[in-house]
Colleague: 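Below: one structure in structure tokens.
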2 protein chains.
Amino acid sequence: MPPRDLSNQPCPIRDVLDRIGDAWSLLVLLELSNGPCRFNALRRVVDGISQRMLSVTLRQLERDGLITRTVLPLSPPQVEYAVTDLGTGLISRLEPLRDWATTHQPAVWEARARYDARQAAPIAEGAA
Amino acid sequence: MPPRDLSNQPCPIRDVLDRIGDAWSLLVLLELSNGPCRFNALRRVVDGISQRMLSVTLRQLERDGLITRTVLPLSPPQVEYAVTDLGTGLISRLEPLRDWATTHQPAVWEARARYDARQAAPIAEGAA
DNA sequence: CTGAATCCGGATGGATACTG
DNA sequence: CAGTATCCATCCGGATTCAG
């Protein structure tokens, strides 16, 4: 994603992609679609995400109005994140994508293997 | 997207995202959904993409079996790219996403503006 | 517990020049 | 026309450290 001039007339697709394209956002969003969740709980379930990226990701999602951040005034401070209606709308478009990915991952892998095999031996395909 | 060990058990979502998450792939794919296209033609229509990234992107899409690459044996060499059935399936899941992006971009922008305003003046919301 | 700030290595991606 | 190779600035993102 080149810097470009996003403040002017960015194509909307680029705009969404810049949001979910970082991979973490999508994962967090899909996780939150199961219901509200707290910071460290997310941290555990997303698995692999660093504290920093979770923090950054959540802030971006909140900024874009896709999730809400609620601070529970408790002795050990708790913060709960939940998807908004806007976020729900996006998620509903994301789920088919996830399902496609799950279903067709084998096909993609096979295509890759075939491609790589072709590249490995581009000459003399009938050779001994 | 952290390196991780993708060769083992990557979640499929991560796998797709790594493909379309680079933003260019999605743009190119959606463009090709309108019909086959040649290199420089794509270069012009995608707008903003560098020669290098178009080349890299096309190769990845071909590797994953989402598009085909056909070399026409002509005096000025021509190469035509076209989506495969697999690619078509993915595109059909992508289009709702694009449409959502187009429709709700204003809402996202408003959310951002509100968030930024809140951050700029977190204190004294009823002041002056 | 939740989160921000800093440091820093590695990957990303643009510009350019060259090839078939 | 359709790329590939190199160079290099930038950004992403992990680890660590500190704060509320």
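Protein chains get the first letters and strands the later ones, always in sequence-line order, with residue 1 at the start of each.
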Colleague: Output a table of nitrogen or oxygen pairs between the protein and nucleotides 17-20 of chain C separated by less than 3.5 Å.
Modeller:
residue : atom : partner  : partner atom : Å
dA17(C) : N6   : Gln51(B) : OE1          : 3.3

Colleague: In whole Å, I'd like the distance from the CG atom of Asp18(A) to the C1' atom of dC11(D).
Modeller: 13 Å

Colleague: For Ser25(A), what residues pass the side chain to side chain donor-acceptor pair (under 3.5 Å) criterion, not counting sequence neighbours?
Modeller: Asp22(A)

Colleague: Measure CG/Asp22(A) against P/dT12(C) and give the value in whole Å, please.
Modeller: 14 Å

Colleague: Going by the rule salt bridge (Lys or Arg N to Asp or Glu O under 4.0 Å), which residues pair with Arg52(B) if we only count those two or more places apart in sequence or in a different chain?
Modeller: none

Colleague: Quickly work out the Ile49(A) CD1 to dC12(D) P distance and round it to whole Å.
Modeller: 15 Å

Colleague: The criterion is salt bridge (Lys or Arg N to Asp or Glu O under 4.0 Å); which residues satisfy it with Arg43(B), sequence neighbours excluded?
Modeller: none

Colleague: Reading DNA chain C from 5' onward, which residue's closest nucleotide shows up sooner: Pro76(A) or Val56(A)?
Modeller: Pro76(A)

Colleague: Heavy atoms within less than 4.0 Å of DNA chain D: which residues of residues 25-40 of chain A have one? Give them sorted by number.
Modeller: none

Colleague: Any side-chain N or O of Tyr81(B) under 4.0 Å from OP1/OP2 of dC1(D)?
Modeller: no

Colleague: For the side chain of Ser55(B), counting heavy atoms from C-beta on, which of dG14(C), dT4(D), dC1(D) is nearest?
Modeller: dT4(D)

Colleague: Identify, with sequence neighbours excluded, every residue that meets side chain to side chain contact (heavy atoms under 4.5 Å, CB included) alongside Ala101(B).
Modeller: Pro12(A), Val16(A)

Colleague: Can you list, by residue number, the residues of residues 62-73 of chain A that have a non-hydrogen atom closer than 4.0 angstrom to DNA chain C?
Modeller: Arg69(A)

Colleague: Should the heavy atoms of other residues, nucleotides or ligands under 6.0 Å from CG of Asp85(A) be counted, would the total exceed 12?
Modeller: no

Colleague: Going by atom type alone, with no hydrogens or angles, which donor-acceptor pairs under 3.5 Å involve a side-chain atom of residues 91-99 of chain B and a protein atom two or more places apart or on another chain?
Modeller:
residue  : atom : partner  : partner atom : Å
Ser92(B) : OG   : Gly89(B) : O            : 2.6
Arg93(B) : NH1  : Gly89(B) : O            : 2.8

Colleague: Between atom CE in Met53(B) and atom P in dA5(D), what is the gap in whole Å?
Modeller: 15 Å

Colleague: Return whichever of Val79(A) or Arg52(A) has its heavy-atom-nearest nucleotide of DNA chain C closer to the 5' end.
Modeller: Val79(A)

Colleague: Distance check needed: dT2(C) C1' versus Leu42(A) CG, whole Å only.
Modeller: 12 Å

Colleague: Would you say Leu90(B) ends up clustered with Leu42(B) if hydrophobic residues are merged whenever their side chains have heavy atoms under 4.5 Å apart, either directly or through other cluster members?
Modeller: yes

Colleague: Let me test you: for the helix from dC1(C)-dG20(D) to dG20(C)-dC1(D), what is the angle between the axes at its two ends (five pairs each), rounded to 10 degrees?
Modeller: 40°

Colleague: If the condition is side chain to side chain contact (heavy atoms under 4.5 Å, CB included), which residues does Ser55(A) pass it with, not counting sequence neighbours?
Modeller: Phe39(A), Arg59(A)

Colleague: Return the set of residues passing side chain to side chain donor-acceptor pair (under 3.5 Å) with Arg69(B) (not counting sequence neighbours), or none when no residue passes.
Modeller: Tyr81(B)

Colleague: What residues form a side chain to side chain contact (heavy atoms under 4.5 Å, CB included) with Pro36(A), not counting sequence neighbours?
Modeller: Glu80(A), Ala82(A)

Colleague: Take the protein atom CG of Leu58(A) and the nucleotide atom P of dT2(C), then report the distance between them rounded to whole Å.
Modeller: 11 Å

Colleague: I'd like to know if Leu72(B) and Leu32(B) are part of one continuous hydrophobic network [Ile/Leu/Val/Met/Phe/Trp/Tyr, side-chain heavy atoms within less than 4.5 Å].
Modeller: no

Colleague: In this structure, would Val79(B) and Leu29(B) fall into the same cluster of hydrophobic residues linked by side-chain contacts under 4.5 Å?
Modeller: yes

Colleague: With a 4.5 Å limit on heavy-atom distance, are the side chains of Leu58(B) and Ile67(B) in contact?
Modeller: yes

Colleague: Please check: side-chain N/O of Thr84(B) versus main-chain N/O of Leu66(B), any donor-acceptor pairing under 3.5 Å?
Modeller: yes

Colleague: Rounded to the Å, how far apart are Arg19(B) CZ and dT12(C) P?
Modeller: 11 Å

Colleague: Let me know the distance between CD of Gln60(A) and C1' of dC11(D), rounded to the nearest Å.
Modeller: 13 Å

Colleague: Is Arg43(B) touching bases, backbone alone, or none of the nucleic acid, heavy atoms closer than 4.0 Å?
Modeller: nothing

